[in-house]
Amino acid sequence: MIKELIAQKTAEAIQNAAEKRELGQLKLEDVPELFAEKTKNPEFGDYSVNVSSLAKQARISPAQIAQIIKPYINFSEAEISTIQGFINFKLGNSILNGGISKIIKEHENFGGNNQGNSEKVLLEYVSANPTGPLHIGHGRWAAVGSSLANLLKFSGYKVTQEFYINDAGNQINNLGKSLWIRVCQELGFDIKFPETEEEGSKNYYSADYLVNVAKKYIESNKNKAEEFYKNNPEPLKPSDEIVNEMSGFAKAIMLKLQKDLLSKFKTDFDVWYSETSLHQSGEVEKTIEKLKSLDKLYEKDGALWFKSTEYGDDQDRVIIKNDGSYTYLTADIAYHYDKLQRGFEKLINIWGADHHGYVARIKASIQAMGKNSDCLEVLLGQLVNLIISGEQVRMGKRRKMLTLEDLIEEVGIDGTRFWMIMRSIDTTLDFDVDLAASCSDENPVFYVQYAHARACSILRTATTERMDQDNKTQLPPFISKEEFKQLINPEKFEKNTLEFLWKTKIDKEVESTKALILKLESFEDLIQTSAKLRAPYMIAKYLQELAKDFHYFYTFTRVLSADNDVTKARLILVNATRQVFLNGLNLLGVSAPDSM
RNA sequence: GUCCACGUAGUUCAGAAGGAUAGAACGCCACCCUCCUAAGGUGGAUGUCGGGGGUUCGACUCCCUCCGUGGACACCA
């Protein structure tokens with residue numbers, strides 16, 4: 001990687017200079033890690049290292065420091081110059097050619113690295129309640145989570161993707177009660193959902209998605225439903241048996257719908273972990289016993305409390321309520337403990353910002369269990385604002401809403417994923433539905449996909465017969481399919497074929513070729529950084545930049561020409577570009593069409 | 001009141017690890033297809049980086065404070 005190489009060469013130079021006592025009072029152990037970065041202005045060169053930070057320690061001005069270090073840099077493939085505290089590197093062709101050949105040799109693995117060192121990561125995200133359809137907010141975490149999983153895998157982590165099914169508790173009863181009302185309605189009885197809060201409207205899911213579930217239920221259970229009604233003629237007060245029957249049915253249907261939609265949305269979980277199973281297996285009780293034995297629990301006001309304040313939480317938390325039931329937190333503590341018991345070294349959760357208060361509690365529980373709470377990393381993502389007809393629309397499960405499914409239908413899978421991933425999760429996402437739907441041509445995803453398709457098109461044209469426009473005669477392809485295959489064969493790749501990239505003396509051709517190669521080469525660094533920062537949005541941004549560089553190259557540098565050597569060299573470059581687009585889009589779970 | 005995130009161009013957003021004249025996309029204006037995909041490219045306009053202090057040779061970036069926006073502060077899930 002060029003960036004690393006330059007930083008390393010510079011670090012060696014500093015060490016050598018310091019050993020020769022050229023850097024004043026500078027002590028090597030005080031030297032901060034220096035990074036190479038792209039220059040702000042191409043006049044300065046391609047990359048630079050800022051050595052100003054050594055000035056204070058050495059008691060020498062930044063400009064002088066740079067001057068002193070420069071002759072110690074052993075890097076013949078680059079032209080080195082200094083301006084103020086910057087050491088600038090202008091890369092020679094051999095370095096650039098090396099960048100391309102690495103892509104050709106590694107093809108679909110190009111960009112990958114082993115920073116994860118096979119660490120076992122459990123990535124938990126979406127984890128919706130099975131009480132209704134997934135909404136747009138879930139869509140954000142699905143897109144971000146699945147691409148983060150791809151990214152981490154590409155960076156050498158062993159990732160398991162998990163969905164925690166919140167299928168226990170009151171809400172499930174409410175779901176059952178709500179379905180029962182819908183079933184009664186479908187049976188023809190005149191029943192309405194409570195409308196006011198006094199009547200308990202909050203305890204019902206009155207959105208119309210349960211109508212279809214009710215229909216489905218009656219399809220196969222009509223007699224049963226009528227029997228239920230006969231014995232329980234008050235639909236607002238169903239028996240436990242009815243509620244259980246209804247919630248079980250609704251839960252299964254909802255979960256199935258969620259699974260199918262996520263799978264269609266290119267979000268595939270390895271494990272679907274049911275909260276109910278956690279209770280049934282006795283894990284929750286075991287966890288309480290464990291905490292009890294560690295003396296982390298106490299009784300107060302008829303409830304059992306966890307001393308989470310001992311670990312930085314701002315108040316203690318109830319584990320068993322005074323009615324004997326568990327809180328949501330109790331199961332969640334057991335769940336996280338179970339993750340660690342299953343052998344995961346790193347737990348990454350993606351949560352909506354509305355759950356941020358939970359982080360301290362869960363971390364406290366992990367610490368109380370005697371583990372290091374740093375193993376849990378919670379990525380808090382800001383929520384999604386829906387904008388319809390220029391107005392913000394608040395989302396609510398029990399009201400009318402735009403579901404993820406509706407959105408996908410309007411915007412498409414690629415567009416929705418790219419849009420959801422594109423922005424840092426730290427910022428609230430304004431999702432303008434009208435814009436995304438009506439002006440879908442302007443969606444940035446098309447810009448990137450078009451660039452990929454364009455690269456494919458050049459490769460296609462190169463290997464197909466063409467018509468001579470003047471004589472109307474058939475001409476052979478620029479290169480035969482077989483020859484092209486050999487040209488980019490990783491095993492037999494000849495780096496010196498790339499020399500012809502630099503045969504041209506046309507400024508725009510040289511400039512656009514070089515810019516494209518540098519961008520392609522930096523993909524490796526991008527992957528490292530975005531994996532480290534858990535930031536898939538950086539990939540989306542990178543791909544837009546790469547598309548821009550490629551379009552620029554395309555405009556000024558003709559690939560297919562009469563000069564066979566130059567054509568071959570440029571075809572290799574185009575193929576490398578295609579490969580990087582493909583690798584990047586795959587990480588995002590966005591398709592890479594060959595033509596558009 | 002306490003905690004978290006955010007506040008950068010008309011709009012939506014980048015500016016990890018302090019550093020060279022603060023960037024992109026969309027929108028607006030003017031150009032560019034006899035030629036590999038014009039869903040493209042080139043050029044142009046637009047900024048008190050929320051305000052005020054501080055640390056530093058140097059601050060969009062770090063610290064303090066104030067203002068604004070969103071979210072969280074349950075024996076709900």
Side-chain angles (χ1 to χ4, degrees), chain A residues 32-35 37 39-41 43-44 48 50-53 55-56 61-62 83-86 88 129 131 166 168-172 174 202 275 300-305 314-315 317-332 352-360 380-383 385 422-430 432 435 439-444 446-447 449-451 453-462 466 469-470 478 508 529-530 532-533 535 537-538 541 544-545 547-548 550-561 567 570-571 574 595-596:
Chain A
E33 192 180 354
L34 295 176
F35 301 93
E37 51 187 7
T39 54
K40 293 266 155 66
N41 184 334
E43 280 171 34
F44 299 142
S48 68
N50 187 335
V51 293
S52 307
S53 53
K56 199 171 187 181
S61 76
I83 302 172
Q84 296 169 25
F86 292 88
N88 296 319
N129 303 326
T131 53
N166 282 267
N170 255 331
Q171 53 187 346
I172 296 297
N174 293 341
K202 274 188 161 177
E275 183 185 347
K300 193 182 94 184
D301 306 332
L304 193 63
W305 297 70
D314 43 20
Q315 55 175 288
R317 306 291 168 178
V318 170
I319 290 294
I320 301 181
K321 302 183 221 168
N322 58 17
D323 68 359
S325 62
Y326 302 132
T327 60
Y328 176 78
L329 177 68
T330 314
D332 222 18
D354 52 343
H355 287 75
H356 101 265
Y358 247 72
V359 180
L380 290 173
Q382 299 299 312
L383 307 176
N385 276 332
M422 199 164 65
R423 305 263 132 93
S424 153
I425 61 165
D426 284 338
T427 154
T428 315
L429 179 65
D430 278 340
D432 189 322
L435 192 85
C439 313
S440 62
D441 278 9
E442 279 149 22
N443 199 311
F446 288 96
Y447 183 75
Q449 289 181 320
Y450 182 68
R454 203 175 218 188
C456 291
S457 167
I458 296 173
L459 301 176
R460 211 180 305 125
T461 310
R466 61 214 150 104
Q469 291 306 315
D470 301 329
F478 285 95
K508 285 280 191 191
T529 307
S530 52
K532 197 185 297 172
L533 300 179
Y537 79 91
M538 294 178 107
K541 196 180 140 239
Q544 291 179 75
E545 290 165 6
K548 190 177 177 72
F550 181 65
H551 287 313
Y552 185 83
F553 166 83
Y554 176 91
T555 306
F556 290 105
T557 311
R558 196 169 169 86
V559 176
L560 306 176
S561 72
T567 299
R570 288 181 178 163
L571 281 173
V574 171
S595 61
M596 291 175 78

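Naming: A, B, ... by sequence-line order, numbering from 1 per chain.
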**Request:** Rounded off to whole Å, could you give me the OH-to-C1' distance for the Tyr537(A) and rA24(B) pair?
**Result:** 14 Å

**Prompt:** For rA77(B), does OP1 or OP2 lie under 4.0 Å from any side-chain N or O of Lys321(A)?
**Reply:** yes

**Request:** Tell me which nucleotide among rA77(B), rC57(B), rU42(B) gets nearest to the side chain of Tyr552(A).
**Result:** rU42(B)

**Asked** Think Arg454(A) has a side-chain N or O under 4.0 angstrom from the OP1 or OP2 of rA38(B)?
**Response** yes

**Rounded distance (Å) that lies between atom P of rA14(B) and atom CD of Gln544(A)** = 12 Å

**Prompt:** How close or far is atom P of rA20(B) from atom CD of Glu37(A), stated in whole angstroms?
**Reply:** 8 Å

**Prompt:** If pairing requires Watson-Crick or G-U wobble contacts with both distances under 3.5 Å, which nucleotide is the partner of rC76(B)?
**Reply:** none

**Asked** Side chain of Ser52(A): nearest nucleotide among rA77(B), rG40(B), rG19(B)?
**Response** rG19(B)

**Asked** What interatomic distance, in whole Å, is found between P of rG1(B) and the corresponding atom of rA59(B)?
**Response** 33 Å

**Request:** Report which part of the nucleic acid His551(A) touches: base, sugar-phosphate, or nothing (heavy-atom distance under 4.0 Å, all strands).
**Result:** sugar-phosphate

**Whole-Å gap separating C1' (rC26(B)) and CE (Met422(A))** = 10 Å

**Asked** Ala353(A) near the nucleic acid: base, sugar-phosphate alone, or nothing, with a heavy-atom cut-off under 4.0 Å?
**Response** sugar-phosphate

**Message:** At 4.0 Å (heavy atoms only), tell me whether Asp426(A) reaches a base, stays on the sugar-phosphate, or touches nothing.
**Reply:** sugar-phosphate

**Request:** Give a yes/no answer on whether the side chain of Lys541(A) brings an N or O atom under 4.0 Å of OP1 or OP2 in rA25(B).
**Result:** no

**Fill in**
To the nearest angstrom, the NZ-C1' distance between Lys300(A) and rA74(B) comes to 13 Å

**Prompt:** Looking across every strand, which nucleic acid part, if any, lies under 4.0 Å from Gln84(A) by heavy atom: base, sugar-phosphate, or nothing?
**Reply:** nothing

**Request:** Mind calculating the distance between CZ (Phe446(A)) and C1' (rU37(B)) to the nearest angstrom?
**Result:** 15 Å

**Prompt:** Out of rU42(B), rC75(B), rC13(B), which has the shortest distance to the side chain of Thr327(A)?
**Reply:** rC75(B)

**Asked** rA20(B) base stacked by Phe44(A)? Criteria: ring centres under 5.5 Å, plane angle under 30°.
**Response** yes

**Prompt:** Between rA38(B) and Tyr554(A), is there an OP1 or OP2 to side-chain N/O distance shorter than 4.0 Å?
**Reply:** yes

**Asked** For the atom pair CD (Gln382(A)) and CG (Asp354(A)), what is the distance rounded to the nearest 0.5 Å?
**Response** 9.5 Å

**Message:** Between Asp332(A) and Tyr358(A), do the side chains contain a donor N or O and an acceptor N or O under 3.5 Å apart?
**Reply:** no

**Item:** Beyond-backbone contact of Leu34(A) with Asn50(A), side-chain heavy atoms, under 4.5 angstrom
**Value:** no

**Item:** Touch class at under 4.0 angstrom, heavy-atom based, for Ser325(A) against every strand present
**Value:** nothing

**Asked** When the C1' atoms of rA24(B) and rC33(B) are considered, how many whole Å apart are they?
**Response** 26 Å

**Prompt:** With both distances kept under 3.5 Å, what pairs with rC33(B), Watson-Crick or G-U wobble?
**Reply:** none

**Message:** Surrounding CD of Glu545(A) (heavy atoms of other residues, nucleotides or ligands, distance under 6.0 Å), is the total greater than 12?
**Reply:** yes

**Request:** Could you check whether Ser561(A) gets within reach of a base, just the sugar-phosphate, or nothing at all, counting any heavy atom under 4.0 Å?
**Result:** nothing

**Message:** Considering every strand and a 4.0 Å limit on heavy-atom distances, what is the contact class for Asp354(A): base, sugar-phosphate, or nothing?
**Reply:** sugar-phosphate

**Request:** Under the side chain to side chain donor-acceptor pair (under 3.5 Å) rule, what do Thr39(A) and Ser48(A) come out as? Steps first, then yes or no, please.
**Result:** CA-CA 6 Å; Thr39(A) 54; Ser48(A) 68; over 6 Å; no

**Message:** Does Asp323(A) reach a base, just sugar-phosphate, or nothing at all? Heavy atoms under 4.0 Å.
**Reply:** nothing

**Fill in**
Partner of rU48(B) under the Watson-Crick or G-U wobble criteria, both distances under 3.5 Å, comes out as none

**Request:** Decide, for rC33(B), between syn and anti: a glycosidic angle within 90° of 0 counts as syn, anything else as anti.
**Result:** syn

**Message:** Can you say whether a donor on the side chain of Asn174(A) sits under 3.5 Å from an acceptor on the base of rA77(B), or the other way round?
**Reply:** no

**Prompt:** If you check every side-chain atom of Glu275(A), which of rU12(B), rA77(B), rA14(B) has the closest atom?
**Reply:** rA77(B)

**Asked** With sugar-phosphate meaning primed atoms plus P, OP1 and OP2, does Ser53(A) contact a base, only sugar-phosphate, or nothing at under 4.0 Å between heavy atoms?
**Response** base

**Message:** A quick test of your reading: do over 12 heavy atoms of other residues, nucleotides or ligands sit less than 6.0 Å from NZ of Lys321(A)?
**Reply:** yes

**Request:** Write down the distance separating the P atoms in rC60(B) and rG54(B), rounded off to the nearest Å.
**Result:** 15 Å

**Asked** At under 4.0 Å, does any side-chain N or O of Tyr358(A) touch on OP1 or OP2 of rC76(B)?
**Response** no

**Request:** Grab the CD-P distance between Gln449(A) and rG40(B) for me, whole Å please.
**Result:** 13 Å

**Asked** Thr327(A) and Thr330(A): side-chain donor and acceptor closer than 3.5 Å?
**Response** yes

**Request:** State which of rC36(B), rG19(B), rA39(B) makes the closest approach to the side chain of Tyr450(A).
**Result:** rA39(B)

**Fill in**
pair_partner(rG27(B)), Watson-Crick or wobble, both distances < 3.5 Å, evaluates to none

**Message:** Using a heavy-atom cut-off of 4.0 Å across all strands, would you classify Ser530(A) as base, sugar-phosphate, or nothing?
**Reply:** nothing

**Pi-cation contact, Tyr554(A) with Arg454(A) (under 6.0 Å, within 45°)** = yes

**Message:** If stacking means aromatic ring centre less than 5.5 angstrom from the base's six-membered ring centre, planes under 30°, is Phe86(A) stacked on rA20(B)?
**Reply:** yes

**Request:** State the OH-NZ distance between Tyr447(A) and Lys548(A), to the nearest 0.5 angstrom.
**Result:** 5.0 Å

**Request:** Rounded to the nearest angstrom, tell me the gap between atom CG in Leu380(A) and atom P in rC4(B).
**Result:** 12 Å

**Request:** Return yes if the base of rA5(B) and the side-chain atoms of Thr428(A) contain a donor-acceptor N/O pair under 3.5 Å, otherwise no.
**Result:** no

**Asked** Looking for any heavy atom pair under 4.0 Å, which part of the strands does Thr461(A) touch: base, sugar-phosphate only, or nothing?
**Response** sugar-phosphate

**Asked** Across all strands shown, which nucleotide pairs with rG70(B) by Watson-Crick or G-U wobble geometry, both distances under 3.5 Å?
**Response** rC4(B)

